[in-house]
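Following: one structure in structure tokens, then a few remarks.
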Amino acid sequence: MELSKNYVPNEVEARWYEHWLRKEYFNSTPDEREAYTIVIPPPNVTGVLHMGHCLNNTIQDILIRRARMQGKNACWVPGTDHASIATEAKVVGMLREKGITKSSLTRDEFMAYAWEWKDKYGGIILQQLKKMGCSLDWNRVSFTMDETYYRSVIRVFIDLYNKGWIYRGKRMINWDVKAKTALSDEEVIRKQTKQKLYYLKYLVDDGQPIGSGNIASVENGRAYVTIATVRPETIMGDTAICVHPKDERYKHLHGKRVIVPLINRSIPVITDEYVTMEFGTGALKVTPAHDMNDYQLGQKHNLQVVDIFNEDGTLNEAAEICIGQERFEARKSIIKLLEEGNHIEKTEDYTSEVGYSERTDVVVEPRLSLQWWVSMGKLSEPALKAVMEEHIRFFPPKFRNLYRNWMENIRDWCISRQLTWGHRIPAFYAPDGSFVVAENAEAALEQFTKQGSGVRLDELWQDNDVMDTWFSSWLWPFEVFKGFSDPGNKEIRYYYPTNTLVTAPEIIFFWVARMIMAGFEYMGEKPFHNVYFTGIVRDKQGRKMSKSLGNSPDLLGLIDQYGADAVRFGIMIASPAGNDILFDESSLEQGRNFNNKLWNALKLVKMWEGRKDRESSDVNRESGKITEASRLKPPNFAINWFANRLNQVRSEVNEMMEQFRLSEALKTIYSLIWDDFCSWYLEWVKPGFEQPVDAEVYEKTVAYFEELMELLHPFMPFISEEIYHLLGDHTDDLCVKQTVAPAATNKHLLEAGQLLKEVISALRDARNRNQVKPKDTIKLHIQTKRKKGYAAIENILRKQVNAESVNYTDETIAGSIVVAVEDEKFFIETEQQLDATAIKAELLKDLAHQQGFLDSVIKKLSNERFVQNAKPEVVELERKKQ
RNA sequence: GGGAGCAUAGCUCAGCUGGUUUAGAGCAUCUGCCUUACAAGCAGAGGGUCCGCGGUUCGAACCCGUGUGCUCCCACCA
């Protein structure tokens with residue numbers, strides 16, 4: 001068969017993925033084997049594949065494929081997340097294009113559009129994962145709003161409510177005035193923002209009437225207090241002024257009242273140690289309705305709460321002035337009014353962090369609102385313990401500290417969202433405002449009736465809010481196996497706890513921590529044994545990849561250009577667990593080059609296929625002459641050495657994989673293939689041009705190559721499968737080939753191989769330095785105590801350094817290039833004119849290095865305290881160096 | 001403000017229990033090669049104040065202290 005010059009991935013990839021699917025290799029059902037389970041972190045239905053997914057899913061596929069080849073029942077569950085905010089935004093956008101506003105639709109109508117959108121676009125990302133070679137069990141695709149899943153989410157809500165852990169409370173929340181929704185703390189992005197700090201004068205209320213109209217001026221002679229604020233538009237919500245109790249400047253104000261400018265409301269001066277005396281003027285305006293801290297202060301001091309904003313961020317009647325204006329408009333108007341009234345003492349530029357909505361990028365408004373909350377105290381206890389006691393292991397372990405810190409300071413979780421797409425809160429209200437929590441209206445009515453309420457079914461209405469998306473995805477590891485909806489079923493018993501969760505550290509609190517909590521609460525067992533945290537994929541300059549920066553490469557384009565294996569290689573080669581990856585296309589090039597290297601090695605071996613010769617020996621391969629050395633069949637050394645080297649690396653790779661050192665494992669395999677196999681082994685056994693190849697050499701080489709492909713397969717599944725089949729007529733597939741444990745290795749043989757490599761490199765270096773042309777042959781003289789050992793490798797050595805002859809000598813050969821490796825000496829005799837001074841300089845440099853090394857050893861050994869204190873084996877080691 | 005982490009070659013990273021470490025790898029660079037598998041290649045080479053300072057130790061890239069710089073998380077002062 002004619003093989004193309006270079007490896008062409010696209011056709012190969014499509015063909016093999018199709019084949020694997022047809023053979024149903026990725027499908028799993030419970031059986032007697034050990035299960036190895038991974039649930040995919042469900043991407044948003046709105047998502048398209050990006051570099052983060054690429055990294056994350058490549059890692060999962062490596063783990064799953066490896067487990068599959070180790071005889072485990074590998075099950076990787078795919079699925080998507082309904083992503084309420086993101087999806088609703090998409091659907092609203094789509095409707096807008098059609099000229100439909102969301103408010104003109106009923107809930108059911110909107111949901112119909114949303115489902116239509118989901119069915120049309122929601123599966124794109126899963127299709128893209130196939131291009132990457134991901135071996136997901138496609139019979140198990142789950143969605144967080146599947147019928148039973150949906151019902152489970154509702155029932156979990158009801159259960160937690162009945163346990164008293166879900167409550168409805170008026171709390172200060174982050175409000176997105178554009179999306180008109182509550183945001184979780186995690187959805188608020190804090191950004192340094194330039195602002196102005198206004199110093200406002202509040203008159204002390206001395207019982208004197210304020211000037212006419214409703215704008216009071218600060219008149220000469222009247223006492224006032226100055227406060228600093230960046231939000232003058234909220235002064236109408238002020239219900240107190242607060243100073244530090246120990247602040248001497250304001251002691252005279254204790255117990256007094258002051259007057260809010262413009263609206264002339266009289267408010268008390270309170271004292272609290274919360275106030276920082278050094279900041280601003282040391283006097284703080286307290287606006288409980290519009291600031292998190294002020295709210296807490298207000299509660300502590302029993303202050304009135306005056307909410308001056310509507311839900312869209314415009315001012316309401318309670319503001320008394322500027323009613324209907326948008327908050328930033330109102331700020332301008334108020335400043336103007338304050339200036340007119342001489343209430344502004346001064347303004348300063350000021351930079352501080354302001355919260356912005358992750359979704360709409362508008363400034364978040366702290367707002368009092370009735371929301372649904374989960375009290376986290378009880379839930380977090382076992383979840384914290386499991387990680388601290390390493391029942392769940394984190395890779396890298398440094399994230400345990402982060403986790404503990406958060407879990408120990410955990411706050412209640414606001415789970416209601418003012419959206420339509422999602423799991424609707426199962427609370428039903430009667431016209432009098434009372435409510436019950438129930439699975440449906442009929443069940444709700446039953447409860448009302450039991451309570452003695454005479455409410456009718458048609459009078460009940462259900463809460464319009466939906467739940468935070470994470471309130472569904474925290475059930476993911478067990479509900480994909482129906483562990484909650486069908487407790488104790490065969491699948492959940494077999495697959496749960498899952499083995500490894502692979503995810504980004506960014507969502508350790510959003511998702512990982514909550515899954516652990518839900519797992520313990522509903523399955524009585526942790527959801528996974530290990531958590532592998534990937535890094536964040538950044539661009540070359542270290543910036544996070546984002547749509548707005550436009551630095552996010554088109555992944556499918558990259559797969560087209562380089563091939564999926566090369567992309568997998570490129571993303572994995574330099575990404576230890578937990579380390580951010582500075583993504584650079586050059587690593588994909590490296591992957592593509594590696595593909596080619598494999599391809600060319602295949603071409604070489606295939607060339608031998610028709611030329612194997614059972615009768616041949618090294619004799620006719622070299623020159624036809626029978627010599628003493630050639631009867632020793634030098635390739636035996638190469639064959640035996642590589643068998644050992646292969647086993648050695650396989651053990652190393654096993655160890656690395658156990659420790660989740662994936663990129664190191666890949667590097668090790670890369671080097672085994674490129675250096676040991678291609679650069680050394682193949683060169684050592686390669687017959688001369690158009691010479692036949694020894695049948696044993698051929699067969700062993702093919703076997704080694706197949707083993708290498710087996711080792712590589714989890715990382716680069718397509719090319720390894722392709723080469724495996726091109727190497728031989730296999731009826732099985734590498735994808736499901738069962739790996740046997742690596743054999744023990746022969747230490748001496750490995751050391752001999754290492755020495756041979758070093759000798760060859762040293763001799764080549766000497767040739768290079770002395771400008772001996774590659775084509776020019778040399779005469780090699782070896783001064784060694786181990787002549788016997790050289791017999792086995794002499795032919796390899798001769799070929800590798802282009803020597804026309806190899807002799808053994810006890811004496812120095814005059815006029816030759818001297819090379820020393822360990823305690824062996826080599827003399828290169830050549831026609832080449834030698835530069836004696838250069839050679840001497842080289843030798844002296846080397847001697848100095850050796851001497852320095854020796855000196856350090858002698859120094860150590862002559863140090864009595866070293867000999868006394870160091871471990872005997874260490875001393876022994878140093879003695880040997882001498 | 002509280003917490004965590006990082007700093008090793010131009011770049012990305014190894015270096016696990018302090019001792020074969022006068023510190024390694026890949027990429028990049030340089031030199032020489034179109035050598036019948038591969039120039040997307042081959043053969044070699046150069047490249048380091050292990051962030052600074054102090055300490056512990058017979059011995060420190062590694063342990064301790066401290067300083068500097070960077071990253072992330074949490075909480076935030078109006």
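So you know, we letter chains A, B, ... as the sequences are listed, proteins then strands, and number each from 1. From a predicted model like this one, the values you see are computed outputs, not experimental measurements.
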Between protein and nucleotides 38-45 of chain B, what N or O pairs are separated by less than 3.5 Å?
residue: C38(B); atom: O4'; partner: Asn600(A); partner atom: OD1; Å: 3.0
residue: C38(B); atom: O4'; partner: Asn600(A); partner atom: ND2; Å: 3.4
residue: C38(B); atom: O2'; partner: Asn600(A); partner atom: ND2; Å: 3.3
residue: C38(B); atom: O2; partner: Lys597(A); partner atom: NZ; Å: 2.8
residue: C38(B); atom: N3; partner: Lys597(A); partner atom: NZ; Å: 2.9
residue: A40(B); atom: N3; partner: Arg592(A); partner atom: NE; Å: 3.0
residue: A40(B); atom: N3; partner: Asn593(A); partner atom: OD1; Å: 3.4
residue: A40(B); atom: N3; partner: Asn596(A); partner atom: ND2; Å: 2.8
residue: G41(B); atom: O3'; partner: Lys597(A); partner atom: NZ; Å: 3.3
residue: C42(B); atom: OP1; partner: Lys597(A); partner atom: NZ; Å: 2.6
residue: C42(B); atom: OP1; partner: Trp674(A); partner atom: NE1; Å: 2.7
residue: A43(B); atom: O3'; partner: Arg764(A); partner atom: NH1; Å: 2.9
residue: G44(B); atom: OP1; partner: Ser761(A); partner atom: OG; Å: 3.1
residue: G44(B); atom: OP1; partner: Arg764(A); partner atom: NH1; Å: 3.1
residue: G44(B); atom: O2'; partner: Asp765(A); partner atom: OD1; Å: 3.0
residue: G44(B); atom: O2'; partner: Asn768(A); partner atom: ND2; Å: 3.4
residue: A45(B); atom: O3'; partner: Arg769(A); partner atom: NH2; Å: 3.4

(Q) Quiz question: by atom type and distance under 3.5 Å, do the side chains of Gln659(A) and Glu655(A) form a donor-acceptor pair? (A) no
Q) Parallel, tilted or perpendicular: which describes the rings of Phe594(A) and Tyr670(A), with under 30° parallel and over 60° perpendicular? A) perpendicular
Q | Euclidean distance for P, A61(B) against G54(B) (whole angstrom) | A | 14 Å
Q | Value in whole Å for how far the C1' atom of U71(B) lies from CG of Asp580(A) | A | 8 Å
Q: Let me know the distance between CZ of Phe533(A) and P of G5(B), rounded to the nearest Å.
A: 15 Å
**Q.** Plane angle bin for Phe677(A) and Phe642(A) - parallel if under 30°, tilted between 30 and 60°, otherwise perpendicular
**A.** tilted
(Q) Pairing check on C50(B): which nucleotide meets the Watson-Crick or G-U wobble criteria with it, both distances under 3.5 Å? (A) none
Q. Regarding Thr226(A) and Lys346(A), is there a side-chain donor-to-acceptor distance under 3.5 Å anywhere?
A. no
Q) With both distances kept under 3.5 Å, what pairs with C27(B), Watson-Crick or G-U wobble? A) G10(B)
Q.
By nearest heavy atom, map Gln590(A) and Lys775(A) onto RNA chain B; which one lands nearer the 5' end?
A. Gln590(A)
(Q) Using every non-hydrogen atom in the two residues, find where Ile235(A) and Tyr202(A) come nearest and quote the distance to one decimal. (A) CG2-OH, 3.2 Å
Q. How close or far is atom P of A28(B) from atom CD1 of Ile573(A), stated in whole angstroms?
A. 13 Å
Q) Looking across every strand, which nucleic acid part, if any, lies under 4.0 Å from Leu284(A) by heavy atom: base, sugar-phosphate, or nothing? A) base
**Q.** Gap in Å between the two C1' atoms, one belonging to A7(B) and one to C62(B), rounded
**A.** 14 Å
**Q.** Quiz item: cation-pi between Arg645(A) and Trp680(A), 6.0 Å / 45°
**A.** no
Q.
Using the side-chain heavy atoms of Asn401(A), tell me which of these nucleotides is nearest: A4(B), A78(B), G2(B).
A. A4(B)
Q: Between C30(B) and A23(B), how far apart are the C1' atoms? Round to whole Å, please.
A: 23 Å
(Q) Between the side chains of Lys757(A) and Asp676(A), is the shortest nitrogen-to-carboxylate-oxygen separation below 4.0 Å, so that they form an ion pair? (A) yes
Q. What interatomic distance, in whole Å, is found between C1' of G10(B) and the corresponding atom of G46(B)?
A. 13 Å
Q | Interatomic distance, Lys398(A) NZ vs U71(B) P [rounded to whole Å] | A | 15 Å
Q | Complementary nucleotide of U71(B), counting Watson-Crick and G-U pairs under 3.5 Å | A | A4(B)
Q. Given atom NZ of Lys196(A) and atom P of A78(B), what is their separation to the nearest angstrom?
A. 16 Å
**Q.** Pair partner, C63(B) [Watson-Crick or wobble, under 3.5 Å]
**A.** G55(B)
Q. What nucleotide among A37(B), C27(B), C13(B) has an atom nearest to a side-chain atom of Met607(A)?
A. A37(B)
Q) Do NZ/NE/NH1/NH2 and the carboxylate oxygens of Glu664(A) and Lys667(A) come within less than 4.0 Å? A) no
Q. According to the Watson-Crick and G-U wobble definitions, with both distances under 3.5 Å, which nucleotide is paired to G41(B)?
A. C33(B)
**Q.** Arg764(A)-Gln800(A) side chain donor-acceptor pair, cut-off 3.5 Å
**A.** yes
Q: Would you indicate what Ser586(A) reaches in the nucleic acid, counting non-hydrogen atoms under 4.0 angstrom: base, sugar-phosphate, or nothing?
A: nothing
Q.
Is there a side-chain contact between Arg767(A) and the phosphate of C33(B), meaning an N or O under 4.0 Å from OP1 or OP2?
A. no
Q. Tell me: CD of Glu664(A) to P of G24(B), nearest whole Å?
A. 17 Å
Q. Say you pick atom C1' in C74(B) and the same atom in G65(B); how far apart are they, in whole Å?
A. 27 Å
Q) Looking only at atom P, what distance separates U56(B) and A75(B), rounded to whole Å? A) 43 Å
Q. If only side-chain N and O atoms of Tyr670(A) are considered, is one of them under 4.0 Å from the OP1 or OP2 phosphate oxygen of C27(B)?
A. yes
Q. Can you tell me the Watson-Crick or wobble partner of U17(B), both distances under 3.5 angstrom?
A. none
Q) Which value, in whole Å, describes the distance between the C1' atoms of nucleotides U17(B) and G1(B)? A) 38 Å
Q | Gap between atoms CZ and P, on Arg538(A) and C70(B) respectively (whole Å) | A | 15 Å
Q. Mind checking the P distance from G59(B) to G18(B)? Whole angstroms is fine.
A. 16 Å
Q. To the nearest angstrom, how far is Met656(A) atom CE from A25(B) atom C1'?
A. 11 Å
